[in-house]
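Since the model is a prediction, treat every value here as computed from it, not as a measurement. Below, chains carry the letters A, B, ... as their sequence lines are ordered, and counting in each starts from 1.
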Amino acid sequence: MPTTVDHILSELNPPQREAVTATQGPLLILAGPGSGKTRVIAHRIAYLVQHEEVEPWRIVAVTFTNKAAREMRGRVVAHLDEQASDVMLGTFHSICARILRIDGNRIGLDRSFNIYDDADQMALMKRVAEALGIDTRAIKERAILSAISHAKSELISPSDYASKTHDWFTEVIARAYERYQQMLAENSALDFDDLIVKTVQLLQDDEHTRRKYQDRFLHVLVDEFQDTNVAQYQLARLFAAFHGNICVVGDPDQSIYSWRSADIRNILNFERDFANAKIVLLEQNYRSTQNILDAAHAVIAGNKQRKEKSLWTERGAGEPIVVYEAYDEQEEAQFVADEVAGLLRSGHDERDFAVMYRTNAQSRALEEALIRAGIRYQIVGGTRFYERREVKDVLAYMRLAHNPYDLVSFARVVNVPGRGIGDKTMEQLELWAGRLGLPLYTALQILSAQQAGDREHEAAKLEPHPLGTRQANALAGFLEMLDELIDVGAKNNVSTLIDGVLERTQYRKWLLASADDDAEAEERWANVEELRNVASDYDGLAAGHGLVSFLEDVALISDADTLEDADDNGGKVTLITLHSAKGLEYPVVFMIAMEEGVLPHVRSFDDPAQMEEERRLAYVGMTRAKSRLYLLRSFRRYGTGMSTHNPPSRFLRDIPSELITAKSAVSEAAGAPAERTEMRYRAAERVRERDVSDAEAGFFSGGERVRHPRFGEGIVVAAVTKGDDQELTIAFKGEAGMKKLMLSFAPLERM
DNA sequence: ATACACGCGCTTTTT
DNA sequence: GCGCGTGTAT
């Protein structure tokens, strides 16, 4: 039921109300965590439509993820019912893709461009490097792509870049950048950054299109503005240039994407570019307890480059923050599982919990512990469905059906399932196509005609293909199938196309045969079926159009989008990176590995600016918590093979002790003093000859009590088996403190 | 052309 | 502890 204007405004506090009703001219909303930013945007849209009678289609609102866009749409629907669907709402990337499909032809783009994801870009860059003779041992494809992405996000074109090279590295990049763009164009493909860059270019170069959108967009809203890059900001300005009603919402303290070229200066530039900009501060927090806010503030206050903004809440102090020191990451995960189990018994639901970490790899120990405890969980990101081999294969066929010039997709599936078209065949085919100056797909058609022996066909006049009959026939067969699929894709719905692909390629048979075991086969086929399931959602759309939408959505899906809504995930604990957690909230939050080297990450140690970003990351994590916040660290952590001991994160030290309840598995178990020394014990002589069998040595395990002739009584904190040896970390009572011992030469005795 | 086995290097965060 | 690329055998 649509709400009234009075109703819209009555739900807001005074600054929020101002943020909603200041509709004319530029507006910068600085919104702290939990300050009702999303609701302000939704209310603003509703207010524009209901109070100012703005037609919904003249409003464009940009969010950071598709999930955020969906949520936003949901809220707008609550106010406006079906009118909400006319608001242009999406991520920068999805909005740009939509614009380019419609108007990209005006700058020479093929309407049926494919969108290249990370893996596709890598595949293409490999080709670029090979063509240019770049030694990818010296400069990795990743590094080249990253440099190019950086350039694109600052709207630096290949020729701009080439004119500013200053060393060997940038010269290589310049050549690679130019060729890369050329090859993308030949494949009718755009990468993520191109979606933005080309849209900016379209609006700048083509007056007709510029007028069309600038006239249309009466109101422009940008969420998570602190995480936009220069190109995105430029785009937002272009959108708003005619009517001048641009509203950006952000929080400099939550800027955590500078590595993706997000430019925190955009906020400062906004005030400069729009001198008359109104600024509204949202400081009342509706999410967290005062303890959590105070702790988070103590952490973020450590940053020098920031504007002071202090959050307050009407909620009470709440529970103290729990800081826990675990033995090792297993025990750390176990602690999380135990706490969750305990809180579940006292009335919490699984969906109330999130466990956050710095790197994806850290989810593993947590998963194991949660499985052991029988607690249901969902992982955001990590092993991504759309990166599975079988899913990418089927998608590649669909992408080819949409755009047969897509060489990356072509190369992926030309011999999957195997049809006798190997690397050598492809190489000769590509060389020949190159000599003819034709795209591979066109060359293939020539080859097919030549193979059919049609002397009248113009193909007969061109250089004959260099391939043997066997290979040529295999290729002609592939082309025939591809053309059928193109036809199926153009005339039918998406699931019919998938069925066509699976049927014609006998993909199931091949997939099942190629799996190592039954379980893998089953899982892989289930993934294919799931893909078909997802695709069938697009069956209602007109033929061809469904395929475009499907491929586009799949390409632009983000990690955060895979998060199931808390309301209907059937109760699961969420495991999520700190980055993906931005914008979310949970009653109970665990942040693990609060250690020097992890958070803050080692790679930020030598750069003060990056260190400030690590601090913001900690801030983002902490402010996700509504009622309970746990900060964990582990005495020992396994890195690449070796185990390490990390000192507690500097961010922990910044939190006033009166806000904290501290617990330690290590000192409690050992009864050791809080101050511990760590030293490595080395035997003068290593007795390899002695056969240390498991039975004889009696390998130790965590928790066992032991005695050492010199250090006395202790408890095994961690035990790592290394071949015949076992490395033990033992907390000794009293003065001796914490020691690491190698079992094979450490004279230990069980107690 | 395919299948398998071994070794190397690497691991921040993602639209 | 992992995927990827290379090398070798069939």
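When heavy atoms are screened at a 4.0 angstrom cut-off, A/Arg364 is found touching the sugar-phosphate backbone but no base atom. Using a 4.0 Å heavy-atom distance criterion, A/Thr425 is classed as a sugar-phosphate-only contact. Contact annotation for A/Gln471: no contact, since no heavy-atom pair falls under 4.0 Å across all strands. Within the 4.0 angstrom heavy-atom criterion, only backbone atoms of the sugar-phosphate kind lie near A/Ser580; the bases stay farther away. When heavy atoms are screened at a 4.0 angstrom cut-off, A/Phe92 is found touching no nucleic acid atom at all.
In this model, the phosphate group of C/dG5 is approached by a side-chain N or O of A/Lys126 to a distance below 4.0 Å at OP1 or OP2. For B/dT15, the OP1/OP2 oxygens have no side-chain nitrogen or oxygen of A/Ser94 closer than 4.0 Å. Considering only side-chain N and O atoms, A/Asn415 lies nowhere under 4.0 angstrom from the phosphate OP1 or OP2 of B/dA1. For B/dT13, the OP1/OP2 oxygens have no side-chain nitrogen or oxygen of A/Lys582 closer than 4.0 Å.
Under a cutoff of 6.0 Å and an axis angle of 45°, A/Arg615 and A/Tyr619 do not form a cation-pi pair. For A/Arg101 and A/Phe113, the positive end sits near the middle of the six-membered ring, less than 6.0 Å away and at most 45° from its axis.
Ion pairing between A/Asp193 and A/Arg260 fails under the 4.0 Å rule for side-chain N and carboxylate O. Classification of A/Lys152 and A/Asp191 as a salt-bridged pair holds, one side-chain N sitting under 4.0 Å from a carboxylate O. Salt bridge status for A/Glu613 with A/Arg616: present, with a side-chain N to carboxylate O gap under 4.0 Å.
Residue-to-nucleotide proximity on DNA chain B shows that, of A/Ala361 and A/Ile421, the 5′-proximal contact is made by A/Ile421.
Taking atom NZ of residue A/Lys424 and atom P of nucleotide B/dT2, one finds them 14 Å apart after rounding to whole Å. Note: CG (A/Leu556) to P (B/dT15) measures 10 Å, nearest angstrom. Going from atom OH of A/Tyr116 over to atom P of B/dT15 covers 21 Å, rounded to whole Å. Residue A/Asp118 contributes atom CG, which lies 17 Å from atom P of C/dG3 at whole-angstrom precision. Rounding to whole angstrom units, CG of residue A/Asp193 and C1' of B/dT14 are separated by 11 Å. As rounded to whole Å, 13 Å separates atom C1' of B/dT15 from atom CD of A/Glu552. A straight line from CE of A/Met426 to P of B/dA1 spans 12 Å, rounded to a whole angstrom. The nearest whole Å value for the distance from the CG atom in A/Leu578 to the C1' atom in B/dT14 is 14 Å.
Under the Watson-Crick or G-U wobble criterion, with both distances below 3.5 Å, B/dC10 has no partner in any strand shown. Across the strands present, B/dA3 finds its partner in C/dT8; the criterion is a Watson-Crick or G-U wobble pair with both atom distances under 3.5 angstrom.
Checking B/dA1, B/dT15, B/dT14 against the side-chain heavy atoms of A/His579 singles out B/dT14 as nearest. Among B/dC10, B/dT13, B/dT15, the nucleotide with an atom closest to any side-chain atom of A/Trp259 is B/dT13.
Taking atom P on both nucleotides, B/dT13 is separated from C/dC4 by 16 Å, rounded to a whole Å.
Checked by atom type and distance alone, the side chain of A/Asp223 never pairs as donor or acceptor with a backbone atom of A/Phe64 at under 3.5 Å.
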